[in-house]
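Just so it is clear, the model here is predicted, and its values are computed rather than measured. Numbers for residues simply follow the sequence, beginning at 1.
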Amino acid sequence: MTDDSGGNAAGQRWEAAGYRHHAGFVPELGMPVLELLAPKPGERILDLGCGDGTLTERLAASGAAVTGADSSPDLLAAARARGLDVRLMDGHALSFDAEFDAVFSNAALHWMKDPDTVIAGVARALKPGGRFVGEFGGAGNVGRIVAALKDALARRGLDGAAANPWYFPTAEEYRGRLEAAGFTVATIHLIPRPTPLPTDMAGWLGTFAQSFLNPVREAERAALLAELLDRLAPELRDAGGRWTDDYVRLRFAAVKPY
Ligand code: BEZ
């Protein structure tokens, strides 16, 4: 969950117990990208945006020597409690130099609003021939939710675009950025993945969309939330009351040349 000091996730706070409750599915759905990475015993791997370490632990189980990096102290404490080697670090300021065989990232790069700085840091962190393999939100991700949030803020005279903490590129755009940094792209594509929520939309918004909610005065937030749920229910809630987010993922694998 490394966030975006280079961007504007104003006031976004991660808290491990709440994250597990409302968003435990995020690392669970990261297995395909872990398989794309195909970690090998003895490799040194950086998990960029490791969060509470759920996937970092699975990477380590492959026999690789894994280091996690994240900017949330609370999530890192949960990762450390698993016995993992983790560092408090912003994804825009990676301090590694040609030390890793691979950099892995799941559901974190969309929080980093200056992608070229992040990609340059990843390139620096990798050994020649090292792999950069990841998945994050791609173009159109949670499109209905973003539209509802922007409209709700606009009705209050607030700028939803300025409050948006996320970077959701097309495959073409991100390929271009990787190639400009010297990577060879092996695969990159968007994957529409409607995602049932374990709790509900109020829990999801409170966990992920704090940057949109924070500009509204606290006394008005309950009304804002009610308005958002009314708007989104016809599109994202089924007859049984179950919410499904309109996720679109961007999955890629790239190699730093020798
Ligand atoms: C995530 O961090 O998993 C996420 C953030 C924003 C929209 C969708 C997913």
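With hydrophobic clusters built from ILVMFWY side chains whose heavy atoms lie under 4.5 angstrom apart, Phe183 does not share a cluster with Val33. Leu94 and Ile45 fall into different hydrophobic clusters, where Ile, Leu, Val, Met, Phe, Trp and Tyr residues are linked whenever their side-chain heavy atoms come under 4.5 Å apart, directly or through other members. No single ILVMFWY cluster, assembled from side-chain heavy atoms under 4.5 Å apart, contains both Leu76 and Leu59. One hydrophobic cluster, built from ILVMFWY side chains closer than 4.5 Å, cannot hold both Leu250 and Phe104; they sit in different ones. Criterion: ILVMFWY side-chain heavy atoms under 4.5 Å apart, direct or through other members. Under it, Val255 and Val103 are not part of a common hydrophobic cluster.
A 4.5 Å side-chain heavy-atom check between Val66 and Leu84 finds every atom pair outside the cut-off. For the pair Ser95 and Met89, the minimum side-chain heavy-atom distance is below 4.5 Å. At a threshold of 4.5 Å between non-hydrogen side-chain atoms, the residues Arg231 and Arg144 do not count as touching. Looking only at side-chain heavy atoms (C-beta outward), Lys127 and Lys256 stay at 4.5 Å or farther from each other. When side chains are defined from C-beta on, Thr170 does not count as touching Arg175, because their heavy atoms never get closer than 4.5 Å. Here the side chains of Val86 and Cys50 are in contact, with some heavy-atom distance below 4.5 Å.
The cationic atom of Arg44 (NZ for Lys, CZ for Arg) lies less than 6.0 Å from the six-membered ring centre of Phe100 and within 45° of the ring axis.
Taking CG of Leu236 as the reference point, atom CH2 of Trp243 lies at 6.5 Å (rounded to 0.5 Å). In this structure, Thr187 OG1 and Leu36 CG are separated by 6.5 Å, a value rounded to the nearest 0.5 Å. Atoms CD and CG, from Gln12 and Leu213 in turn, are 9.5 Å apart once rounded to the nearest 0.5 Å. Atom OG of Ser211 and atom CG of Leu149 lie 10.5 Å apart (nearest 0.5 Å). His22 NE2 to Asp200 CG: the interatomic distance, rounded to the nearest 0.5 Å, is 7.0 Å. In this structure, the separation between CG on Asn214 and CD on Gln210 is 6.5 Å, given to the nearest 0.5 Å.
Taking the six-membered ring for Trp and thresholds of 30 and 60 degrees, Phe208 and Trp111 have nearly parallel ring planes, at less than 30 degrees apart.
In terms of heavy atoms, Lys113 sits closest to Pro165 at CD-O, 3.3 Å. Residues Val216 and Leu153 approach most closely at CG2-CD2, 3.6 Å, considering heavy atoms. When all heavy atoms are compared, the tightest approach of His92 to Asp114 is NE2-N, 3.2 Å. Closest approach of Arg82 to Asp52, counting heavy atoms only: NE-O, 2.7 Å. In plain terms, the two heavy atoms of Tyr247 and Asn141 that are nearest each other are CA-OD1, 3.1 Å. Of all the heavy atoms in Leu37 and Arg131, the pair that sits closest is O-NH2, 2.9 Å.
A centroid separation of less than 6.0 Å is found between the aromatic rings of Phe212 and Trp166.
Side-chain N or O atoms of Asp70 include one that pairs as donor or acceptor with a backbone N or O of Gly51 at under 3.5 Å.
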Donor-acceptor list for residues 132-140 side chains, cut-off 3.5 Å, not counting sequence neighbours:
unit_1 : atom_1 : unit_2 : atom_2 : d
Glu135 : OE1    : Arg251 : NE     : 2.6
Glu135 : OE1    : Arg251 : NH2    : 3.0

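With respect to the salt-bridge test (charged N to carboxylate O, under 4.0 angstrom), the residues Arg58 and Glu28 qualify. In this structure, Arg124 does not pair ionically with Asp97, as no charged nitrogen and carboxylate oxygen lie closer than 4.0 Å. Ion pairing of Arg177 with Glu172 is absent here, as no side-chain N (NZ or NE/NH1/NH2) approaches a carboxylate O to less than 4.0 Å.
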Is there a side chain to side chain donor-acceptor pair (under 3.5 Å) between Glu179 and Tyr174 once you walk through the steps?
-> CA-CA 9 Å; Glu179 289 177 347; Tyr174 205 66; over 6 Å; no
Report the C-alpha separation of Ser71 and Asp90 in whole Å, then their side-chain angles, then the decisive distance to 0.1 Å, and conclude whether the side chain to side chain donor-acceptor pair (under 3.5 Å) test is met.
-> CA-CA 5 Å; Ser71 65; Asp90 186 311; 5.8 Å; no
Does the pair Leu75 and Glu15 meet the rule for a side-chain contact (heavy atoms from CB on, under 4.5 Å), with working shown?
-> CA-CA 6 Å; Leu75 295 182; Glu15 184 265 310; over 6 Å; no
Take Thr56 and Asp85 through the test side-chain contact (heavy atoms from CB on, under 4.5 Å) and record every step on the way to the result.
-> CA-CA 9 Å; Thr56 325; Asp85 167 30; over 6 Å; no
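Checked by atom type, the side-chain pair Thr195/Asp245 shows no donor-acceptor distance below 3.5 Å.
In this structure, Ile191 stands alone, with no Ile, Leu, Val, Met, Phe, Trp or Tyr side-chain heavy atom under 4.5 Å from its own, directly or through other members.
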